[in-house]
Amino acid sequence: MSGPLFGLVPTGQPLITNPTSTPSPTSFLYTLPIAKSFSHVTVFLLPNITLPENTAAAIYLATIKDVASGAQSGGTPNFRFLGGIGPGKDSALFKITSNSGETDGDGLLIGISIESADSVGQRLQQMSAEKTGNVGSNSNPSQLPVSVLAQRIIQNAFNFLASFSASAGPGGVEVIPLKAFEDWWRKFESRVRADPTFLEKQADYI
């Protein structure tokens with residue numbers, strides 16, 4: 001394969017097609033300009049470019065400092081896998097904040113490596129699974145049945161509102177001021193924000 005294969009466009013920056021260096025016939029390094037900050041970079045196959053059969057392009061990110069340190073020590077630079085493009089997906093958008101601590105005041109490099117489509121696909125699946133796992137671990141999913149949670153919410157409201165009960169009208173109809181319900185709701189929301197799992201803990205909720 002000869003000539004540029006890929007195009008890169010950091011948001012608000014000019015198109016980049018020529019790699020800064022070509023470590024091998026199947027790997028390419030592109031220096032991203034950081035004089036002007038950007039938040040994303042789009043990577044795509046240039047028009048009329050087709051990758052070899054059963055291959056895909058793996059996209060990596062590293063700082064120039066990391067690459068230079070790796071070259072000096074004879075080790076492998078710490079490239080972070082971002083994703084991939086290939087048959088059926090000719091482009092991809094990646095979130096990269098150029099003015100974050102990730103740059104360490106240094107430049108950023110995008111590495112593109114033409115690899116086996118199966119290998120890239122497996123890494124994409126692994127990345128997706130890790131993201132799903134992180135979302136699940138951060139969202140504090142309830143382990144209680146919905147019916148139990150509903151009963152505990154009702155119990156929470158009843159315990160709070162019972163003290164505001166009063167009689168009114170003929171026959172002494174039991175009523176609760178609307179403001180009392182509003183106060184309970186504000187308190188309940190605040191408690192949920194502070195501890196989303198508090199309803200799962202058998203305790204005196206008020």
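Start at 1 with the first residue, then count along the sequence.
The main-chain N or O of D118 is found under 3.5 Å from a side-chain atom of S116 such that the two form a donor-acceptor pair. Remark: side-chain polar atoms of S21 are not paired, donor with acceptor, to backbone N or O of P23 under 3.5 angstrom.
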task: Applying side chain to side chain contact (heavy atoms under 4.5 Å, CB included), run through F6 and I49 and close with a yes or a no.
output: CA-CA 8 Å; F6 306 98; I49 294 297; over 6 Å; no
message: side chain to side chain contact (heavy atoms under 4.5 Å, CB included) for Y60 and I112? Distances and angles first, verdict last.
response: CA-CA 6 Å; Y60 300 90; I112 302 181; over 6 Å; no
task: Decide side chain to side chain contact (heavy atoms under 4.5 Å, CB included) for I110 and L82; before the verdict, give the C-alpha distance in whole Å, the side-chain angles of both, and the deciding distance to 0.1 Å.
output: CA-CA 9 Å; I110 289 289; L82 295 179; 4.0 Å; yes
- request: Test F81 against L124 for side chain to side chain contact (heavy atoms under 4.5 Å, CB included), laying out the working first.
  value: CA-CA 9 Å; F81 179 72; L124 287 171; 4.1 Å; yes
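Rounding to the nearest 0.5 Å places CG of L32 at 11.5 Å from OG1 of T63. Between the CZ atom of F94 and the CD1 atom of I59 there is a distance of 5.0 Å, given to the nearest 0.5 Å. Atom OG1 of residue T11 and atom NZ of residue K95 lie 9.0 Å apart, to the nearest 0.5 angstrom. How far CD of Q126 is from CD of Q122: 9.0 Å, rounded to the nearest 0.5 Å. The distance from the CZ atom of F44 to the CG atom of L93 is 12.0 Å, given to the nearest 0.5 Å. Of the inter-residue distances, the one linking L15 atom CG with L46 atom CG reads 7.0 Å to the nearest 0.5 angstrom.
Of the residues listed (L109, T17, V43, L8), the one engaging Y30 in a side-chain contact (heavy atoms from CB on, under 4.5 Å) is L8, and it is the only one. Screening V41, T31, L61 for a side-chain contact (heavy atoms from CB on, under 4.5 Å) with L108, the sole residue that qualifies is L61.
Within a 6.0 Å sphere centred on CD of E53, other residues, nucleotides and ligands contribute 12 heavy atoms or fewer.
Heavy atoms only, all atoms of each residue included: L51 and G86 are closest at CD1-CA, 4.2 Å. The minimum heavy-atom distance linking S27 with T22 is given by the pair O-CG2, 3.4 Å.
Between P4 and N18 there is a side-chain heavy-atom pair separated by less than 4.5 Å. Within the 4.5 Å cutoff, side-chain heavy atoms of P10 are placed close to those of I16.
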